[in-house]
Structures are given as structure tokens and as C-alpha cells.
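Written below as C-alpha cells is the structure these notes are about.
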There are 2 protein chains.
Amino acid sequence: MAIQLPKGIKRTPQRLAILRYLEGNRDHPSAEEIYRDIKRDFPTMSFATVYNTLEALRAHGQVIQLSIDPKRRRYDPDTTMHHHLICRRCSRIVDIHIDFDISLPEEFNKGYSLIGSHIEFYGICPECKEDRDEDNKV
Amino acid sequence: MAIQLPKGIKRTPQRLAILRYLEGNRDHPSAEEIYRDIKRDFPTMSFATVYNTLEALRAHGQVIQLSIDPKRRRYDPDTTMHHHLICRRCSRIVDIHIDFDISLPEEFNKGYSLIGSHIEFYGICPECKEDRDEDNKV
DNA sequence: CACTTGACAAGAATGTTTCTTATCTGGTAT
DNA sequence: ATACCAGATAAGAAACATTCTTGTCAAGTG
């Protein structure tokens, strides 16, 4: 199912451009990347509009905010249950669509009511391994 | 084993104060909290010293940086393998010391070499549930 | 056609983290 | 003891991401 504007949120060219950008995007872009890329074709786009639209989409469950990258918030239009693997050098993120059994037993809840969970995997991506190999050759 | 200053890093009153603060701390404090609390007893403490010391400790594996709270970086002196549960309302974080089997099969690596993993659980903490109950009564 | 509502752009403000600079301190060699 | 040097420090500036404010604009309604 394609990503939609929540009901009660007006369809505007700016918002549709953001939707188009996110649709099928697997790069987990930050607000700044979205803004920068869209601004090329849409020079009047404002930063606030990007943040406002992302927040509206998030509030209606149309995108997920990722905190896996400590430098900046990232956005993921894939709202199906999945996990992420991030490169420790370049912060490239890829999806991990595997269903792990990580149910938290009641007695370990510490009194919290549970909403969800998410696994962060850390590693080094192929490109960064390449680069490091080249470094070593010198 | 207690948290130690890495070799080659001089023992200074400021750094020892930070170590003392972190020792056994289960609150996953941010740099700002550490700075604010220590400054009470140690008025000359500087922000840069907190960040420098935390970075030195992190580089030597003495503390872990958490990105689970999207608002700010948090620090955890417990470097044993464990996971975290964060309250979606107040961002209170508790430790989950359970060993889940979440090994990522080779064929799902996407070419990354794997370094580690970490599970984020999301929920509502007992205190925030209380508050909401009271809200509803009004 | 006036009015209301929501959205917009632009930039200011806030909060977090990093960087810079000048000063200080402790250890070492003389 | 004294001069020197490396590393640490305090203070604040700078950089960066995010949120907020303000004045303007456009669409839809009565």
C-alpha cells in the first residue's frame, strides 16, 4: 500500500513532493536530505514544511522515526515490522526483514506497558571495507 | 569491575568526579545531566571536559553511547551485553538483562561485517501510566 | 465576496555537541 | 630548584539539527 496523506491534512504540492520522495525510498533519509533533494526541483520548499509534514506523517503512522543514527533523526516510509543494520563508519542503513522472537517476559517489564521493539545491528558496510582495504595498501 | 580511566589518560579531579558519577549509575544520563549534577559540587567543571572525558571513555570501551533517546545522546557505564526499554512519554530508560538469540544469518548481512546488536523496547513507564490515569479522572 | 482555516516561507530561537583559544598543571630533564 | 613540554582545563564561540514564530497566502465556505 502506498504512503498516503493522513485525512484532514490538505494535499499541497509541497507535501505531495515529500510523499513522492519517500515512496519506495530505502535510504532512511534525514529531514535535511529530504529538504535538500526536493529543493532542487522545488526551490521554494521550506525546512519547516519538511519537518511539519514528517511529523504529521509520523503521528499517523505513515513513517517511522529512526534514532539509530546518533547524529540525526532518520525517516523510514516502510512501516512494516522490520529491523535495521547501520554501518559504524558511514552510517548507511539497510533493512533487515526477519522476524525475531524477542518477546519480553512480563516479569522483566519493570512495570512498563510494552508498545514495541526494534533491533539495531551494527557493522561495516562493503564500501567502507573497500576503503579501509585501500588505506591499508598504502 | 569498576570503571577505570584508560591508560594514558591522566587522573584529574574532574575526570575522577565524572567516573564517580557514572560508577553504578543506572539512569543513562546525558552529557548535560552529568555536567549539571557534577557542577553543583564542583563549580569549575566545564562542559568540554565532560564531553572529552566521555569520548575518551567511549573510545576505550568503558561506557556505551545510547542513541535510543532521539533528543540527546545518553551514556551507560554498564558495558556488559544488555538491552534497553524506554518510556515513550518521559524517556526514562531501564536495562533489560536478557540474552536474546538474535544472530543475523550470513545471507541477510547485505555484505556488512557484523559488530554487534542491541534491542530497543518501547513502552510506557509506571509513573507515566499513573499520570495519565489522573488526567482521565478530571 | 468577506471570512475562516490551514499551510506556507523565512528566519529566529533553542538545544545539543564540537571546536578553539588561552591558560594552567604536573612531570621530566637539566 | 628551574625551565620546559605535553596534556588538561575553562570559557565561550561555532556548528549543527530541530522547533517555534511571524506575517503572508490560498482554498473552501456561507
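So you know, we letter chains A, B, ... as the sequences are listed, proteins then strands, and number each from 1. Values below: every heavy atom of this structure, side chains too, minus hydrogens, waters and symmetry copies.
Nucleotides of DNA chain C lying under 4.0 Å from heavy atoms of chain B occupy a range whose first and last members, 5' to 3', are C:dT16 to C:dC19.
Taking Ile, Leu, Val, Met, Phe, Trp and Tyr as members and joining any whose side-chain heavy atoms lie under 4.5 Å apart, directly or through other members, the hydrophobic cluster of B:Ile102 also contains A:Leu85, A:Val94, A:Ile96, A:Ile98, A:Phe100, A:Ile102, A:Leu104, A:Phe108, A:Tyr112, A:Leu114, A:Ile119, A:Phe121, B:Leu85, B:Val94, B:Ile96, B:Ile98, B:Phe100, B:Leu104, B:Phe108, B:Tyr112, B:Leu114, B:Ile119, B:Phe121.
Of all the heavy atoms in A:Arg74 and A:Ser30, the pair that sits closest is CD-N, 4.2 Å. Looking at every heavy atom in both residues, B:Arg73 comes nearest to A:Pro70 through NH2-O, 3.9 Å. Taking all atoms of both residues into account, the shortest heavy-atom contact from B:Asp27 to B:Asn25 is N-OD1, 2.6 Å. A:Asp95 approaches A:Asp76 most closely through the heavy-atom pair OD1-OD2, 3.7 Å.
Distance CD1 (B:Ile9) to C1' (D:dA8): 10 Å, rounded to an integer number of Å. Residue B:Tyr35 contributes atom OH, which lies 13 Å from atom C1' of D:dT9 at whole-angstrom precision. Separating the CD1 atom of B:Ile38 from the C1' atom of D:dA10 is a distance of 15 Å, rounded to the nearest angstrom. Between the CD atom of A:Glu32 and the C1' atom of D:dA15 there is a distance of 13 Å, rounded to whole Å. Rounded to whole Å, atom C1' of D:dT18 lies 14 Å from atom CZ of A:Arg58.
With hydrogens and angles disregarded, no donor-acceptor distance shorter than 3.5 Å links the side chain of A:Asn109 to the backbone of A:Gly111. Remark: side-chain polar atoms of A:Ser117 are not paired, donor with acceptor, to backbone N or O of B:Glu120 under 3.5 angstrom.
Using a cutoff of 4.0 Å between basic side-chain nitrogens and carboxylate oxygens, A:Glu55 and A:Arg58 are scored as salt-bridged.
A heavy-atom distance below 4.5 Å is found between the side chains of A:Arg11 and A:Leu16. A:Pro77 places a side-chain heavy atom less than 4.5 Å from the side chain of A:Arg26.
By the 30° and 60° cut-offs, the orientation of the rings of B:Phe47 relative to B:Tyr51 is parallel.
Checking the phosphate oxygens (OP1, OP2) of D:dA8, no side-chain nitrogen or oxygen of B:Thr12 falls inside 4.0 Å.
Residues B:Lys39 and A:Gln65 each lie close to DNA chain D; by heavy-atom proximity, the contact nearer the 5' end of the strand is made by B:Lys39.
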| request: Starting from the C-alpha separation in whole Å, work towards a yes-or-no answer on side chain to side chain contact (heavy atoms under 4.5 Å, CB included) for B:Ile68 and A:Ile68. | output: CA-CA 7 Å; B:Ile68 187 172; A:Ile68 187 173; over 6 Å; no
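Residues from residues 13-22 of chain A lying near DNA chain C, meaning a heavy-atom separation below 4.0 Å, are A:Gln14, A:Arg15 in numerical order. Using a 4.0 Å cut-off on heavy atoms, the residues of residues 46-54 of chain A that approach DNA chain C are A:Ser46, A:Ala48, A:Thr49, listed by number.
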| message | Counting primed atoms plus P, OP1 and OP2 as sugar-phosphate and everything else as base, spell out the protein contacts along nucleotides 22-30 of chain D at 4.0 Å heavy-atom distance: B, S or - for each nucleotide, 5' to 3'. | response | ---------
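Applying the side chain to side chain contact (heavy atoms under 4.5 Å, CB included) rule to A:Ala48 yields the partners A:Ser46, A:Asn52; only residues at least two apart in sequence or on another chain are considered.
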